[in-house]
Amino acid sequence: MDKIVIHGGERLQGEVRINGAKNAVLLIQCAALLGEGKTTLRHVPRLSDVRTMGKLLERLGCQVGGDRTLSIDPEGVARGGLEAPYDLVKTMRASVTVMGPLLARYGRARVSLPGGCAIGARPIDQHLKGFAALGAEIELSHGYVELRARRLHGASVVFDTVTVGGTQNVMMGAVLARGTSRLENVAREPEVQELARFLNKMGARISGAGTPVIEIEGVDSLGGIDHAVVPDRIEAGTMAVAAAITRGDVLLRDAPVDDMHAVIAKLQEAGVSCDVTSDGLHVRGPEQLRPIDVTTRPYPGFPTDMQAQLMVLATQAHGQSLLTETIFENRFMHVPELGRMGADIHVNGNSAAVRGSTPLSGAIVMATDLRASASLVLAGLVADGPTEVRRVYHLDRGYEAIEKRLRGLGARIERFHGAPG
Ligand code: EPZ
């Protein structure tokens with residue numbers, strides 16, 4: 001397993017181009033199953049999750065080629081098993097979002113139940129509620145869910161919980177249904193809006209994405225398309241925190257600033273200057289950071305995927321900050337590792353009180369999940385002495401060559417391959 005070693009204390013300066021959005025491209029890869037023809041995706045980030053999704057599509061019978069420019073031809077799927085097996089779903093739960101496309105286009109899907117992960121139970125009850133409303137017969141057995149439908153029909157679905165994946169999965173199920181569907185209490189994330197744009201380019205008729213109600217008029221078929229993936233708002237937010245805590249001066253080229261209002265507002269509250277330019281977002285860290293209080297919420301609220309990163313900023317702010325996590329039940333796995341570096345954080349239920357500013361000292365720390373591992377790298381940037389982040393495969397799921405990109409901004413950071421895990 002690889003490890004990353006950081007020697008803290010460098011101010012980050014320069015510019016970094018933001019990569020394509022992981023949480024947009026994974027869903028668009030699934031949506032390509034709906035097209036009667038090849039789809040080509042551009043600006044695709046080189047991430048292990050994207051490769052895992054590519055393997056799943058190949059297992060389903062697709063021809064998949066390329067990486068930065070990715071081609072997906074679902075021609076062979078009809079003759080395949082229409083099954084997403086346990087070994088792939090357990091490594092990446094986003095695999096469950098092949099259900100909607102397979103059910104909509106081929107009338108059947110057999111998908112391993114994802115089970116939980118480090119940050120929570122991650123149920124899919126709302127996904128199944130939506131498919132049942134669209135007319136699918138659903139059977140749960142031996143750790144798999146089997147869905148069948150001769151042809152789905154339009155329906156009204158009111159989600160009990162705002163779920164990004166549930167909204168996306170059911171939206172993909174409804175695009176080929178007979179009749180019109182109305183989805184309420186849906187997720188409004190930019191990635192939901194991007195998926196709707198992608199599907200409409202394929203020939204779907206979706207309106208309302210980004211609002212609490214999505215209307216979908218079913219069509220008979222969709223075509224393959226050529227599409228450029230939008231930049232990643234969470235990678236951009238992560239790099240913005242790196243600049244903020246190192247008193248840096250960094251241009252985040254192509255940052256999707258229109259999707260980052262909550263993050264930018266919180267950084268500005270902490271005293272970070274964030275200037276929107278025609279090239280992206282120009283971030284400059286202050287001499288002294290101010291404490292912040294934040295509660296994670298569905299979009300357009302503050303994103304849960306930025307909570308761990310903001311906690312590192314809170315350790316360097318002068319005063320007491322309070323971070324409350326409302327989306328996942330176990331998303332403070334970074335706290336004990338940051339504590340080993342000297343952070344003063346007290347967790348009480350779903351809130352973490354952070355006292356700053358505390359000087360952090362380098363240590364050997366263990367990555368546990370994607371965003372927690374990003375926070376450990378950020379902490380290493382300001383820690384005294386070397387920080388060794390182990391099990392960085394977690395990091396590689398969502399950040400492409402993060403050590404090269406931070407080094408390009410002046411960080412003293414290096415990856416060691418095959419280190420003890
Ligand atoms: C997506 O996960 C993202 N992943 C996550 O990013 C992100 O944290 C999350 O949305 C919230 O924004 C991808 O897009 C691939 P949810 P998803 O369904 O769709 C509960 C990252 O770091 N729920 O919106 O799985 C669920 O347990 C990853 O990039 C149900 O109860 O998230 C959770 O508490 C991590 N029943 C809450 O809803 C359901 O049927 C939000 O989950 C579905 C979800």
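Numbering starts at 1 and runs along the sequence shown. Owing to the predicted nature of the structure, the values given are computational and were not obtained by experimental measurement. All ligand and atom numbering here is 1-based and tracks the order in the structure.
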(request) Give the numbers and elements of all ligand 1 atoms closer than 4.0 Å to a heavy atom of L370. (result) 22 (O), 29 (O)
(request) Report the member of L128, V164, D160 with the shortest heavy-atom distance to atom 12 (O) of ligand 1. (result) V164
(message) My understanding is that only one of L56, L57, V111 makes a side chain to side chain contact (heavy atoms under 4.5 Å, CB included) with S95; could you say which?
(response) L56
(message) Tell me whether Q126 has any N or O atom under 3.5 angstrom from an N or O of ligand 1.
(response) yes
(request) Using a strict 4.0 Å threshold on nitrogen-to-oxygen distance, state whether R355 and D344 make a salt bridge. (result) yes
(message) List the residues meeting salt bridge (charged side-chain N to carboxylate O under 4.0 Å, His left out) with E184, not counting sequence neighbours, and say none if there are none.
(response) R182
(request) Report, as yes or no, whether the 6.0 Å neighbourhood of atom CD on Q63 holds more than 12 heavy atoms from other residues, nucleotides or ligands. (result) no
(message) Checking T296 against T304 for the side chain to side chain donor-acceptor pair (under 3.5 Å) test, could you report, in this order, the C-alpha distance in whole Å, the side-chain angles of both residues, the deciding distance, and whether it holds?
(response) CA-CA 5 Å; T296 62; T304 175; 4.7 Å; no
(request) Report the C-alpha separation of K129 and D160 in whole Å, then their side-chain angles, then the decisive distance to 0.1 Å, and conclude whether the salt bridge (Lys or Arg N to Asp or Glu O under 4.0 Å) test is met. (result) CA-CA 9 Å; K129 169 180 176 169; D160 301 312; 3.1 Å; yes
(request) Identify the protein heavy atom lying closest to atom 6 (O) of ligand 1, giving its residue, its atom name and the separation to 0.1 Å. (result) D305 OD2, 3.0 Å
(message) Which option wins on minimum heavy-atom distance to atom 11 (C) of ligand 1: V192, T304, T163?
(response) T304
(request) Provide the number and element of each atom of ligand 1 under 4.0 Å from a heavy atom of K22. (result) 21 (C), 29 (O)
(request) Identify, by atom number and element, the atoms of ligand 1 in contact range of G165, meaning under 4.0 Å from any of its heavy atoms. (result) 18 (O), 19 (O)
(message) With a 4.0 Å cut-off on N to O distance, would you call E146 and R148 a salt bridge?
(response) yes
(request) May I ask you to decide whether D396 forms a salt bridge with R46, counting only side-chain N to carboxylate O separations under 4.0 Å? (result) no
(request) For atom 17 (P) of ligand 1, grab the closest protein heavy atom and report residue, atom and distance to one decimal in Å. (result) R122 NH2, 3.9 Å
(request) Could you say whether the N/O atoms of I327 and ligand 1 ever approach to under 3.5 Å? (result) yes
(request) Within a distance under 4.0 Å of any heavy atom of R93, pick out the atoms of ligand 1 and give their elements. (result) 25 (O)
(message) Checking E269 now: which residues fulfil salt bridge (charged side-chain N to carboxylate O under 4.0 Å, His left out) with it, not counting sequence neighbours?
(response) K266
(request) Using a strict cut-off of 4.0 Å, indicate which atoms of ligand 1 neighbour a heavy atom of N23. (result) 3 (C), 4 (N), 6 (O), 13 (C), 14 (O), 15 (C), 21 (C), 29 (O)
(message) As an exercise, identify every atom of ligand 1 less than 4.0 angstrom from a heavy atom of T161.
(response) 38 (O)
(request) Quick one: look up the protein heavy atom nearest atom 32 (O) of ligand 1 and list residue, atom name and how far away it is. (result) F328 CZ, 4.0 Å
(message) Going by the closest heavy atom to atom 35 (C) of ligand 1, which one wins out of R331, R371, H394?
(response) R331
(request) With heavy atoms under 4.0 Å as the rule, classify the contact between H127 and ligand 1 as side chain, backbone, both or neither. (result) both
(request) Compute both the distance and the angle, then confirm whether R188 meets the cation-pi test with Y299: under 6.0 Å from the six-membered ring centre, within 45 degrees of the axis. (result) no
(request) Would you kindly specify which portion of D125 sits under 4.0 Å from ligand 1, judged on non-hydrogen atoms: side chain, backbone, both or neither? (result) both
(message) Once you restrict to heavy atoms under 4.0 Å, what part of E191 touches ligand 1? Side chain, backbone, both or neither.
(response) neither
(message) Check this for me, if you would: do D259 and R233 make a salt bridge, where the nitrogen-to-carboxylate-oxygen distance has to be below 4.0 angstrom?
(response) no
(request) Please work out which of P298, P123, S95 has its closest non-hydrogen atom nearest to atom 39 (C) of ligand 1. (result) P123
